[in-house]
Amino acid sequence: MQLLTEILNLYKKLLNIAIVEYKTIVESGEVFYSQAKVPWKLRLYICDGSFIEIYYSTKGKYSYHWDRRLITNKIYRHDNAPHKKWNDVNTFPKHFHDGLEDIVISSYISDNPESALKEFLTFVSEHIKKELPKQ
């Protein structure tokens, strides 16, 4: 039970960082819970209509997933699920899905959740800026 409380507190801390420090791209966010009322994941709603889902498990698994399928048909995800398919990636089990599920490269995202969130939201912000029409 203690670990679940820690995960909920982590999600709340990450949500606060996102909406305060990245307010130019993060419109809002919410913690999702399982039917058993266990904190499941954090969802951030992004200004371009996409969303980010952040997941941490009590066993140390994580995922930072930017879902843009409704906008550009792309996904971007850092995670550490030890899929045998990606065991040739230098940072295995850490890896990064770069636009598509099957385009996987090394992931150098921080192991610290707060730093990892900031790195990921900076990536998102820079990606969105590149898509803005030139003035």
Side-chain angles (χ1 to χ4, degrees):
M1 193 62 159
Q2 176 67 25
L3 286 176
L4 295 177
T5 302
E6 289 176 19
I7 288 175
L8 177 58
N9 289 338
L10 174 62
Y11 287 161
K12 289 178 178 180
K13 182 186 283 188
L14 296 178
L15 176 58
N16 187 61
I17 290 169
I19 61 176
V20 170
E21 296 183 32
Y22 292 86
K23 60 186 171 191
T24 59
I25 61 164
V26 177
E27 293 184 340
S28 63
E30 62 184 316
V31 176
F32 283 30
Y33 295 85
S34 70
Q35 289 181 338
K37 307 285 188 241
V38 172
W40 178 36
K41 63 184 169 183
L42 171 63
R43 180 176 284 184
L44 303 175
Y45 298 97
I46 307 303
C47 65
D48 68 350
S50 64
F51 62 88
I52 292 172
E53 289 185 337
I54 300 162
Y55 166 78
Y56 272 89
S57 78
T58 57
K59 296 180 179 173
K61 300 284 186 261
Y62 68 83
S63 172
Y64 290 83
H65 177 88
W66 183 23
D67 197 310
R68 302 195 79 215
R69 287 179 282 202
L70 294 178
I71 299 164
T72 62
N73 204 32
K74 302 280 185 184
I75 62 100
Y76 301 91
R77 182 174 63 248
H78 288 275
D79 70 76
N80 65 350
H83 300 296
K84 291 180 184 175
K85 187 175 185 179
W86 313 126
N87 67 356
D88 61 335
V89 173
N90 289 345
T91 56
F92 182 82
K94 290 173 66 167
H95 57 278
F96 178 64
H97 298 264
D98 192 9
L100 298 169
E101 287 289 339
D102 288 335
I103 298 176
V104 175
I105 60 175
S106 298
S107 170
Y108 297 99
I109 199 164
S110 176
D111 292 327
N112 174 279
E114 292 90 351
S115 297
L117 176 68
K118 291 176 183 183
E119 292 168 15
F120 196 56
L121 288 176
T122 298
F123 166 81
V124 170
S125 179
E126 290 171 357
H127 203 87
I128 289 172
K129 283 180 192 172
K130 287 180 194 173
E131 294 178 353
L132 293 175
K134 301 288 184 221
Q135 300 272 329

Practice task
Using atom types as modelled and distance alone, determine if a side-chain donor or acceptor of Ser28 lies under 3.5 Å from a backbone N or O of Tyr45.
Solution key: no
Problem - Pairwise side-chain contact, Tyr33 with Leu8, heavy-atom cut-off 4.5 Å (strictly under) - result: yes
Handout entry: Exam field: side chain Lys13 to backbone Glu114, donor-acceptor pair closer than 3.5 Å
Key = no
Practice task
Decide yes or no for Asp79 and His65: does some side-chain heavy atom of the first lie under 4.5 Å from some side-chain heavy atom of the second?
Solution key: no
Problem - Salt bridge present between Glu30 and Arg43 (N-O < 4.0 angstrom) - result: no
Practice task
Determine, for Glu53 against Arg77, whether the closest basic-nitrogen to carboxylate-oxygen distance falls under 4.0 angstrom.
Solution key: no
Practice task
Indicate yes or no: at least one non-hydrogen side-chain atom of Ile46 is less than 4.5 angstrom from one of Arg68.
Solution key: no
Problem - Output field: ring centroids Phe123/Phe96 closer than 6.0 Å - result: yes
Exercise for the section: Please answer whether the main-chain N or O of Leu121 pairs with a side-chain N or O of Ser125 as donor and acceptor at a distance below 3.5 Å. Expected result: no
Practice task
Would you check if Tyr22 and Lys118 make a side-chain contact, meaning some heavy-atom pair closer than 4.5 Å?
Solution key: yes
Practice task
Please check if atom NZ in Lys61 has more than 12 non-hydrogen atoms from other residues, nucleotides or ligands closer than 6.0 Å.
Solution key: yes
Practice task
For the pair Asn80 (side chain) and Gly60 (backbone), establish whether a donor and an acceptor sit closer than 3.5 Å, ignoring hydrogens and angles.
Solution key: yes
Exercise for the section: Report yes if the side chains of Val89 and Ile105 come closer than 4.5 Å at any heavy-atom pair, otherwise no. Expected result: no
Problem - Asn112 side chain to Ser110 side chain, donor-acceptor N/O pair below 3.5 angstrom - result: no
Exercise for the section: State whether a side-chain donor-acceptor pair under 3.5 Å links Tyr64 with Tyr56. Expected result: yes
Practice task
Without swapping roles, check the side chain of Tyr11 against the backbone of Trp40 for a donor-acceptor pair under 3.5 Å.
Solution key: yes
